[in-house]
Amino acid sequence: MAEPVKLIGCFGSPFVHRVEVALRLKGVPYELIEEDLNIKSDLLLKHNPFHQKVPVLLHGDHPAVCESLIIIEYVDEAFHGPSLLPSDPYGRAMARFWAAFMYKECKDSMWIALWTDGEVQAASAREMKTNLTLIERQLPEGKKFFGGDTIGFLDIAVGGIAHWMGVFEEVAGVRLLIEEELAPGAMPVGEGIHTRHDCAAVPSGQGPRGCCFNS
């Protein structure tokens with residue numbers, strides 16, 4: 001009998017969302033345990049006492065696995081199903097590099113651009129657009145996904161944040177990606193990321209409101 005899989009998460013978190021996408025792509029049944037981050041549960045504090053963040057993956061009697069990118073790699077290795085990371089060492093290294101780049105460089109600039117104003121906001125928006133453009137250039141020519149013909153690790157990692165960008169813009173009342181700024185006929189920055197991420201199974205109940213962050 002397969003060991004039970006439980007995911008501690010919160011509604012609307014892009015990081016929880018991408019772990020759910022990975023689990024569904026691998027065909028792994030799981031139970032989502034909703035967490036209220038304003039009143040953190042004993043379960044969360046027990047399994048992630050240092051960071052006290054979601055998502056947290058519980059797999060049978062194994063110690064908890066924390067942080068979304070690490071969880072996705074664990075899911076890829078621990079369960080049967082289509083591989084999420086490339087098969088060759090160089091491809092895996094590049095997928096990990098750009099996933100970490102998205103987390104470190106794009107998340108912070110996007111957040112600053114949403115909740116500030118004036119030149120600080122404008123500079124952060126420019127930085128975010130530049131970073132998203134760099135990531136888009138990693139897409140193989142003629143392919144829909146970063147990994148080639150099927151959705152994989154980097155698509156999930158990038159899409160986890162890009163999928164919610166329009167929601168964050170609406171909540172903050174700020175438009176970060178302006179189509180008029182682009183050259184005629186050019187694809188809006190990040191649109192390809194949205195398109196690829198929407199090819200994955202979007203978890204039920206993950207509506208576009210009540211967003212929260214974490215890891």
Side-chain angles (χ1 to χ4, degrees), residues 13-28 67-110 113 124-170 175-204 206 208:
S13 166
F15 300 102
V16 174
H17 176 83
R18 64 188 185 185
V19 171
E20 289 201 80
V21 169
L23 288 165
R24 291 187 172 217
L25 287 172
K26 296 290 283 191
V28 180
E67 299 191 15
S68 59
L69 293 180
I70 294 174
I71 294 173
I72 293 171
E73 289 204 48
Y74 175 81
V75 168
D76 195 25
E77 295 183 10
F79 300 100
H80 296 294
S83 295
L84 302 178
L85 277 161
S87 58
D88 64 291
Y90 179 79
R92 290 196 297 273
M94 289 299 97
R96 290 176 177 130
F97 172 83
W98 287 109
F101 177 88
M102 178 69 180
Y103 179 79
K104 294 175 182 177
E105 303 298 333
C106 296
K107 187 192 77 167
D108 289 346
S109 58
M110 181 177 71
S124 296
R126 288 194 297 268
E127 179 183 352
M128 186 194 67
K129 293 173 188 178
T130 299
N131 291 337
L132 286 177
T133 300
L134 286 174
I135 294 174
E136 284 282 3
R137 288 174 181 167
Q138 308 313 306
L139 181 68
E141 186 175 355
K143 300 295 185 181
K144 290 176 60 178
F145 304 105
F146 287 112
D149 296 321
T150 57
I151 193 168
F153 178 80
L154 184 54
D155 300 283
I156 298 169
V158 171
I161 292 178
H163 179 76
W164 293 94
M165 192 175 299
V167 176
F168 296 142
E169 288 177 328
E170 182 180 334
R175 186 78 173 107
L176 299 181
L177 303 180
I178 303 174
E179 208 165 332
E180 288 75 10
E181 295 177 356
L182 303 172
M187 176 181 286
V189 178
E191 183 175 296
I193 295 174
H194 281 283
T195 301
R196 288 188 295 281
H197 189 260
D198 288 344
C199 292
V202 178
S204 60
Q206 284 281 29

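Owing to the predicted nature of the structure, the values given are computational and were not obtained by experimental measurement. Basis for what follows: all heavy atoms, side chains included, without hydrogens, waters or symmetry-related copies.
Taken to the nearest 0.5 Å, the CD atom of Glu136 stands 11.5 Å off from the CH2 atom of Trp98. Put simply, CE on Met128 and CG on Leu132 are 5.5 Å apart, with the number rounded to the nearest 0.5 Å. Atom CZ of Arg92 sits about 7.5 Å away from atom OG of Ser87, to the nearest 0.5 Å.
For Arg126, the side chain to side chain donor-acceptor pair (under 3.5 Å) partners are Glu119, not counting sequence neighbours. With sequence neighbours excluded, the residues satisfying side chain to side chain contact (heavy atoms under 4.5 Å, CB included) with Asp149 are Lys143.
A 4.5 Å side-chain heavy-atom check between Met102 and Asn131 finds every atom pair outside the cut-off. Taking the side chain as every heavy atom from C-beta outward, Thr130 and Ser109 never approach each other to under 4.5 Å.
Partner Leu84 forms a side-chain contact (heavy atoms from CB on, under 4.5 Å) with one of Leu154, Ile156, Thr150 and no other, that one being Ile156.
Minimum heavy-atom separation, Asp88 to Gly91: OD2-N, 2.7 Å. Residues Asp155 and Gly147 share a closest heavy-atom pair of OD2-N, 3.9 Å. In terms of heavy atoms, Ala99 sits closest to Phe153 at CB-CE2, 3.6 Å.
The salt bridge (charged side-chain N to carboxylate O under 4.0 Å, His left out) contacts involving residues 75-86 comprise Lys26-Asp76, where partners must be two or more places apart or lie in separate chains.
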Could you go through residues 68-75 and list every donor-acceptor pair under 3.5 Å that involves a side-chain atom there, pairing it with any protein atom two or more places apart or in another chain?
residue, atom, partner, partner atom, Å
Ser68, OG, Arg18, NE, 3.0
Ser68, OG, Arg18, NH2, 2.9
Ser68, OG, Ser215, O, 2.7
Glu73, OE1, Arg96, NE, 3.1
Glu73, OE1, Arg96, NH2, 2.9
Glu73, OE2, Arg96, NE, 3.2
Tyr74, OH, His59, ND1, 2.7

